[in-house]
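Working notes, structure below.
Note that these values count all heavy atoms, side chains included, but never hydrogens, waters or copies made by symmetry. What you are looking at is a predicted structure, and each value in this text was computed from that prediction instead of being measured.
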Amino acid sequence: MTFTRRMRNVLLLAALLVTALPALAQTDVAIGLEQFGTGNAFRPGDYCAIRLKLTSILAQATPVWVQWEVPNADGDVAEYGRTLTLTPGVPAFVWLYAPLAPSVDTGTVWAVRVFEERDGVRRRELGGARIDPRSSNAQKIDLERSAIGVIGSRHLGLGDYNVPGDRLNRPVGGHEDTRIIFGLSPAQLPDRWEGLKQYEAIAWAGDRDTPQDLSLDQANALMEYVFRGGHLIIVLPAAGNPWSLGTKGQNLLEDLLPEAQPRNDVSVPLSDLLPVLSKSNSVRGSIETSIRVFKDLKSDFDATSHSTRWFDPLIALPDGRVVVITRSYGMGWVTLIGIDLADG
């Protein structure tokens, strides 16, 4: 074998070894994508939140820096990340936030990387992954469409707004195409308001998901979302008081709510509610329900008269009982509905 051939073989072997190194390298932190966008829905051209699951196989608890690498309008790669500590074998969930370009689609791919962090300085890389919206079955919300998020399993009759297409298919009274994202869970809401920014309104209904399921960061994010122009709509259940209305110190969102508990009127005929619920004027059979009355326009009863948080009447029954109230909070709005629209 000549010297030239021998050198060529050595160089070829070296190239093969270098190429194989990444495949042989051990990943100390596994990365999984739980949500791409709050509720697994995202809007190109707007802020987006992703929820990652990180699992460490390191020998001890390790501070890490996790980053989402997103190209910006200048063509540079911006690194959006945060610090946390990983415990071996214990999955950790973390939210990251970044603005997306209008051209982003479900097939767009980004890199997520995890580094060891010591004394505030990024050290060796512990793991990495490529993510895209399809890997979490995320749906795209077009930039020109509105979006409403619904916390809980009930649809509240909002599904009729979720009809895509031209104006002929659009619901009567719908002035724009709207996407309804159902099934949001309080425990899986983002911990920064930017993750909620894609929704024009968030509706919260039912008694299974309560504000007590929120962490302090999640509650602050929801309040900041409203303060910056969002709309929180709360549908009170027919029974119980999961929102702790009239009780101080029991609800992280109490600054958004009335200080007094509304009156509970039981055994109200459904026919009394039809004027604000339906175009129909008849009910099949005798159906009764309970409602929450915030004010009575025809009597002295006023559940919010001593409240420093003023709510305006929004919808009242023909007899003067106010069943929907609203107030401004910063640039946004909070609306409470005293009819349990989540009751099938």
Side-chain angles (χ1 to χ4, degrees), residues 35 37-39 41-43 45-51 80 82 94-100 141 143 145-152 156 158 176 178-181 184-206 209-236 242-262 294 303-304 306-315 324-338:
Q35 291 187 60
T38 303
F42 69 100
R43 191 203 304 271
D46 204 345
Y47 254 87
C48 178
I50 61 172
R51 189 172 189 254
Y80 299 89
R82 64 197 307 176
V94 60
W95 285 96
L96 300 180
Y97 308 88
L100 300 183
I141 303 171
L143 185 59
R145 289 186 168 91
S146 173
I148 298 175
V150 180
I151 297 176
L156 305 176
L158 294 173
E176 62 181 339
T178 303
R179 294 294 171 266
I180 313 297
I181 309 301
L184 302 184
S185 167
Q188 293 184 333
L189 290 181
D191 55 7
R192 298 290 185 271
W193 77 273
E194 291 90 342
L196 301 169
K197 185 175 179 290
Q198 66 188 29
Y199 293 115
E200 276 70 30
I202 295 176
W204 192 321
D209 299 301
T210 70
Q212 283 71 31
D213 296 326
L214 296 173
S215 68
L216 178 59
D217 286 339
Q218 290 172 318
N220 288 338
L222 190 54
M223 294 178 63
E224 186 74 9
Y225 156 80
V226 176
F227 188 84
R228 291 176 178 266
H231 189 181
L232 176 62
I233 303 167
I234 300 170
V235 180
L236 299 178
W243 289 88
S244 304
L245 300 180
T247 305
K248 293 185 178 181
Q250 302 297 316
N251 186 348
L252 294 173
L253 300 176
E254 67 177 23
D255 287 346
L256 300 177
L257 305 172
E259 293 178 316
Q261 185 173 356
F294 301 97
T304 61
H306 302 293
S307 174
T308 58
R309 306 174 196 138
W310 176 256
F311 281 80
D312 293 312
L314 188 61
I315 296 178
V324 182
I325 57 176
T326 189
R327 66 167 290 199
S328 62
Y329 181 79
M331 298 297 293
W333 293 88
V334 180
T335 299
L336 278 79
I337 300 175

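Here the closest non-hydrogen pair linking Phe311 and Leu336 is CE2-CD1, 3.9 Å. Smallest separation of non-hydrogen atoms from Asp213 and Pro186: CB-CB, 3.8 Å. Residues Gly152 and Asp209 approach most closely at CA-OD2, 3.3 Å, considering heavy atoms. Leu156 and Ala205 make their closest contact through CD2-CB, 3.5 Å (heavy atoms, listed as atom of the first residue, atom of the second, distance). When all heavy atoms of Gly338 and Phe294 are compared, the pair lying nearest together is N-CE1, 3.7 Å. Across all their heavy atoms, Pro242 and Thr210 have their closest contact at CB-CG2, 4.0 Å.
Note that OG of Ser244 and CG of Leu257 are 9.0 Å apart. Values are rounded to the nearest 0.5 Å. Remark: Leu245 CG to Leu236 CG distance equals 6.0 Å, nearest 0.5 Å. The CE atom of Met223 sits 9.0 Å away from the CD atom of Glu254 when rounded to the nearest 0.5 Å. The CG atom of Leu256 sits 11.5 Å away from the OG1 atom of Thr335 when rounded to the nearest 0.5 Å.
Ala41 meets the side-chain contact (heavy atoms from CB on, under 4.5 Å) test with Gln139, Ile141, Ile181, Gln198, Tyr199; sequence neighbours excluded. Shown here are the ring-ring contact (aromatic ring centres under 6.0 Å, His included) partners of Phe42, two or more places apart in sequence or in another chain: Phe36. Listed by chain and residue number, Leu232, Tyr329, Val334 satisfy the side-chain contact (heavy atoms from CB on, under 4.5 Å) test with Val226 (two or more places apart in sequence, or in another chain). For Gln188, there are no side-chain hydrogen bond (donor to acceptor under 3.5 Å, both in side chains) partners two or more places apart in sequence or in a different chain. With sequence neighbours excluded, the residues satisfying side-chain contact (heavy atoms from CB on, under 4.5 Å) with Trp95 are Gln35, Thr38, Ala49, Arg51, Arg82, Tyr97, Pro190, Asp191.
Side-chain atoms of Gln212 come within 3.5 Å of backbone atoms of Gln250 as a donor-acceptor pair (strictly under, hydrogens ignored). Using a distance-only test at 3.5 Å, with no hydrogens or angles considered, no donor-acceptor pair links the side chain of Asn220 to the main chain of Asp217. Between the Trp243 side chain and the Asn251 main chain, no donor and acceptor come within less than 3.5 Å of each other.
Looking at Leu314 and Ile325, their side chains never come closer than 4.5 Å, going by heavy atoms from C-beta outward. For the pair Leu253/Ile234, no side-chain contact is recorded, criterion being any heavy-atom separation below 4.5 Å from C-beta on. Within the 4.5 Å cutoff, the side chain of Tyr225 has heavy atoms near those of the Ile202 side chain. Between Leu222 and Trp204, some side-chain heavy-atom pair lies under the 4.5 Å cut-off.
Listed by first and then second residue, the salt bridge (Lys or Arg N to Asp or Glu O under 4.0 Å) pairs involving residues 193-206 are Arg43-Glu200, Asp46-Lys197 (not counting sequence neighbours).
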### Message
Before you tell me yes or no, could you show the steps for Thr326 and Val324 under side chain to side chain contact (heavy atoms under 4.5 Å, CB included), namely the whole-Å CA-CA distance, both residues' side-chain angles and the distance that decides it to 0.1 Å?
### Response
CA-CA 7 Å; Thr326 189; Val324 182; 6.0 Å; no

### Query
For Trp193 and Arg228, what are the C-alpha separation, side-chain angles and deciding distance, and is it a side chain to side chain contact (heavy atoms under 4.5 Å, CB included)?
CA-CA 9 Å; Trp193 77 273; Arg228 291 176 178 266; 3.2 Å; yes

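Taking a 6.0 Å sphere around CZ of Phe227, one finds it holds 12 or fewer heavy atoms contributed by other residues, nucleotides or ligands.
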